[in-house]
Novice: 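Shown below is the structure under consideration.
We count residues from 1, following the sequence as given. Quantities reported herein were computed from a predicted structural model and do not represent experimental measurements.
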Amino acid sequence: MSSSYTRSNFTWKSVRNLINHGETKQRFQTSSAAVHEPHSPLEDFYTLQMSRLFYLIVFFHLLTALLVVAAQYYFLSLEYPLRYTMKTVQTRSAVESNLSHRRGIRENNKHSHNEVSKVHVQTPRRLYLTYQPPDGGWNNHRIALENALIMAKLLNRTLIVHPLASHDMAIFSRRKNLVFWRNLEKRWGINWVYNLMAERDLVPISEVLDLQLMRRVLDVHEVKTNHKKFLEEFANFKWHHVCHSDALGFWVDAIPSENVSSTREIEFVPNNSSRSIRACPREIERYMNASKPVIRQILSELKNERADIIYLSQDTSYKANVRLFHKEDAKQALQWILNNIKFSPQIYQKAFQILSILPQPFNAIHVRRTDHKISASMAPSHWLNSMAQKHFLKISAALYVATDEPNKAWFEPFHRAGYQLYFSDEFFNPSGRSFDMDIKGLYDQVICIHAKLFVGSKSSSFSGFIYRSRGEVMRKDGLILSHMPVGWFAHKLKRQN
């Protein structure tokens, strides 16, 4: 900037010299005119032209000086916001870095009913909660997200959401390198098929779910990289890892001190699958001889946690089984999920295009075959009998089939029974990505939700989401019991069943 000002001063000096020179010349010419004889017309013309040239040069130097000054102010105006922004970012980073390494004071106060619905964590910086997505498909990921949403909302933390992985690619990778994945899981825990998934086999969750709708409930931060890269990029944050296996128990928001004795009356069936046992080995070892269930309270355990990120590791979020102690809080939590976990506009748009082509009315079924042990062992007669009990043909012969079964000959008994079958393959143009099957499944779900009658696959989360969206669920005390990850604590008590 100093060189610019020197250049400017030099310009103004030159202008002053020219002006002084012009005044001197003009005085000289005036005095000379009194002594000498009048000039000839040619000399007068020459003098006029020289005067014009002089004033033109003066004007040029003035214009140049003005342009230099204007340019200096312009660049100063650009430089100042940049310096201010960089200084602000550096200051904020320093403050957040300092705060993230300071632990808050833990309080041991008991939690009343009103605390569940209030804002629990007051903090000057942004705090996060996130989860380990499961290796399974979209619906397993959705369940993990729904549980994490409830916990983040209770703790007043920003929820970090992750991309969805190709279910087919996850299955293929695991089967191809089963020994490798088993050894990796023994060392680092489960779900590493998802963690190491290439980004080309992932799809941002904003392309599947309406995040703007979800943000009506809480703050949401979307991550679009694979999980390994996410863990590396957020490594400088202060983390608090949480692991709880459904082989031991479940989560509850808070149990008032006067109701602690009610936990002895809980009906609990542990999940003793190898996956649940392997999920949290340290916790399993710690509570091996403890009475079950092991009930962990969200507010008393995590409310005053000052780490930047609370991380629900392993299958903690996927199998959290969150329960709210008070009925009204449970109802509110259900509404958070039912009203704000919706497909993105682009998913609805394509699904509605297919719906406009299908004959109306129509019925639908979900037949899961390739990776589901229960459904894979069932014959077409299972679905046909269920459809007959619901009188499908009295409504319509048009039948939309959502399935992963590639062999269309398997559905020949449906044709013989009088049904006209429609498959999503007829309406879906694959893009060549590994996620095509998963995207097609999303359209299938929307279409099945809008069918007149529906029969799904037993114990399938894909079918469960359709049943829940259709309102075909078990209810008790005005609350949903089936196909919903969260519920009321009292429904776990024996005397309430």
Side-chain angles (χ1 to χ4, degrees), residues 136-143 145-146 161 163-171 200-214 338 340-372 375 383 392 396 398-408 410-411 414 419-457 460-472 483:
W138 136 248
N139 288 283
N140 290 356
H141 191 134
R142 171 185 56 78
I143 293 170
L145 185 150
E146 290 174 350
V161 295
L164 303 179
S166 165
H167 193 196
D168 285 351
M169 185 56 67
I171 294 172
R200 65 177 177 274
D201 298 319
L202 301 172
V203 63
I205 201 166
S206 56
E207 294 184 18
V208 175
L209 292 177
D210 189 341
L211 294 189
Q212 293 303 318
L213 199 60
M214 199 184 303
L338 292 174
N340 300 284
I341 303 294
K342 302 284 188 181
F343 288 119
S344 65
Q346 52 264 44
I347 296 296
Y348 279 122
Q349 181 180 10
K350 178 61 178 178
F352 288 158
Q353 289 176 358
I354 299 174
L355 281 168
S356 67
I357 300 172
L358 290 172
Q360 300 293 333
F362 71 95
N363 302 314
I365 59 172
H366 171 225
V367 178
R368 185 170 177 179
R369 294 276 299 160
T370 59
D371 69 326
H372 201 263
S375 296
W383 282 269
F392 267 43
S396 174
L399 183 66
Y400 186 85
V401 181
T403 185
D404 56 359
E405 174 58 62
N407 182 16
K408 295 300 186 288
W410 188 88
F411 295 93
F414 294 85
Y419 291 99
Q420 183 179 355
L421 306 186
Y422 296 86
F423 296 91
S424 56
D425 299 342
E426 304 170 24
F427 311 98
F428 180 72
N429 295 321
S431 64
R433 294 179 60 192
S434 62
F435 202 80
D436 280 346
M437 190 71 175
D438 301 80
I439 293 293
K440 184 168 69 71
L442 302 177
Y443 302 149
D444 284 342
Q445 284 187 312
V446 176
I447 294 167
C448 290
I449 289 168
H450 287 81
K452 196 70 176 179
L453 298 173
F454 173 73
V455 170
S457 291
S460 166
S461 57
F462 185 101
S463 290
F465 181 72
I466 296 171
Y467 281 126
R468 189 180 86 183
S469 301
R470 291 172 60 87
E472 299 172 359
H483 312 302

Novice: Report yes if the side chains of Ile143 and Phe465 come closer than 4.5 Å at any heavy-atom pair, otherwise no.
Specialist: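 No, too far: nothing below the 4.5 Å cut-off.
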
Novice: If you round to the nearest 0.5 Å, how far is CZ of Arg142 from CD1 of Ile341?
Specialist: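 If I round to the nearest 0.5 Å, the distance is 9.0 Å.
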
Novice: Could you measure the distance from the CG atom of Leu442 to the CD1 atom of Ile447? Nearest 0.5 Å is fine.
Specialist: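 Those atoms lie 11.0 Å apart.
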
Novice: Is there a donor-acceptor pair closer than 3.5 Å between any side-chain N or O of Ser166 and the backbone N or O of Asp201?
Specialist: no

Novice: What distance do Phe362 atom CZ and Tyr419 atom OH have between them, rounded to the nearest 0.5 Å?
Specialist: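 Reported value, rounded in 0.5 Å steps: 14.5 Å.
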
Novice: Is there side-chain contact between Pro163 and Val203, with at least one heavy-atom pair below 4.5 Å?
Specialist: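 Not touching, per the 4.5 Å side-chain cut-off.
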
Novice: Just do the ring pair (Phe, Tyr, Trp, His ring centres under 6.0 Å) check on Tyr467 and Phe454 with the steps written out, would you?
Specialist: CA-CA 8 Å; Tyr467 281 126; Phe454 173 73; 5.1 Å; yes

Novice: Would a distance-only check, ignoring hydrogens and angles, find a side-chain to backbone donor-acceptor pair under 3.5 Å from Gln360 to Leu355?
Specialist: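 Flag set: sc Gln360 to bb Leu355 pair under 3.5 Å.
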
Novice: Output the distance between atom CG (Asp436) and atom CG (Asn429), rounded to the nearest 0.5 Å.
Specialist: 10.0 Å

Novice: Answer yes or no: is there an ion pair linking Lys440 with Glu426, defined by an N-O contact shorter than 4.0 Å?
Specialist: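 Salt bridge flag = no for Glu426 with Lys440.
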
Novice: Kindly say whether Ser460 contributes a backbone atom to a donor-acceptor pair with the side chain of Ser463 at under 3.5 angstrom?
Specialist: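 Not a single qualifying donor-acceptor pair exists.
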
Novice: If we only count heavy atoms from C-beta on, is the Phe392 to Val455 side-chain gap below 4.5 Å?
Specialist: yes

Novice: In the structure I gave you, are the side-chain heavy atoms of Thr403 and Trp410 within less than 4.5 Å of one another anywhere?
Specialist: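 Result no, sub-4.5 Å side-chain heavy-atom pair not found.
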
Novice: At what distance, to the nearest 0.5 angstrom, does NZ of Lys350 lie from CD1 of Ile439?
Specialist: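 Between Lys350 NZ and Ile439 CD1, I get 12.0 Å after rounding to 0.5 Å.
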
Novice: Give every residue pair that meets the side-chain hydrogen bond (donor to acceptor under 3.5 Å, both in side chains) criterion with at least one member in residues 443-455, sequence neighbours excluded.
Specialist: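 Listed by first then second residue: Trp138-Gln445, Asn139-Gln445, Tyr400-Asp444, Ser424-Asp444.
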
Novice: Ile357 versus Gln353: any side-chain heavy-atom pair under 4.5 Å?
Specialist: no

Novice: Does Gln420 form a side-chain hydrogen bond (donor to acceptor under 3.5 Å, both in side chains) with Tyr422? I'd like the steps, not just the answer.
Specialist: CA-CA 7 Å; Gln420 183 179 355; Tyr422 296 86; 2.7 Å; yes

Novice: Tell me the closest heavy-atom pair linking Pro361 and Ser396, and the distance in Å.
Specialist: O-OG, 2.9 Å

Novice: Verify whether one side chain among Asp210 and Ser344 offers a donor that lies under 3.5 Å from an acceptor in the other.
Specialist: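 No - no donor-acceptor pair under 3.5 Å links their side chains.
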
Novice: If the condition is ring-ring contact (aromatic ring centres under 6.0 Å, His included), which residues does Phe462 pass it with, not counting sequence neighbours?
Specialist: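 Phe462: ring-ring contact (aromatic ring centres under 6.0 Å, His included) contacts with His366.
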
Novice: Keeping the roles fixed (side chain from Arg369, backbone from Glu405), state whether a donor-acceptor pair exists under 3.5 Å.
Specialist: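 No: the side chain of Arg369 does not pair with the backbone of Glu405.
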
Novice: List the atom of Lys408, the atom of Asp425, and the distance in Å for their closest heavy-atom pair.
Specialist: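 Scanning both residues completely, I find the closest heavy atoms to be NZ-OD2, 3.2 Å.
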
Novice: Supply the atom-to-atom distance Ile205 CD1 to Met214 CE, rounded to the nearest 0.5 angstrom.
Specialist: 6.0 Å

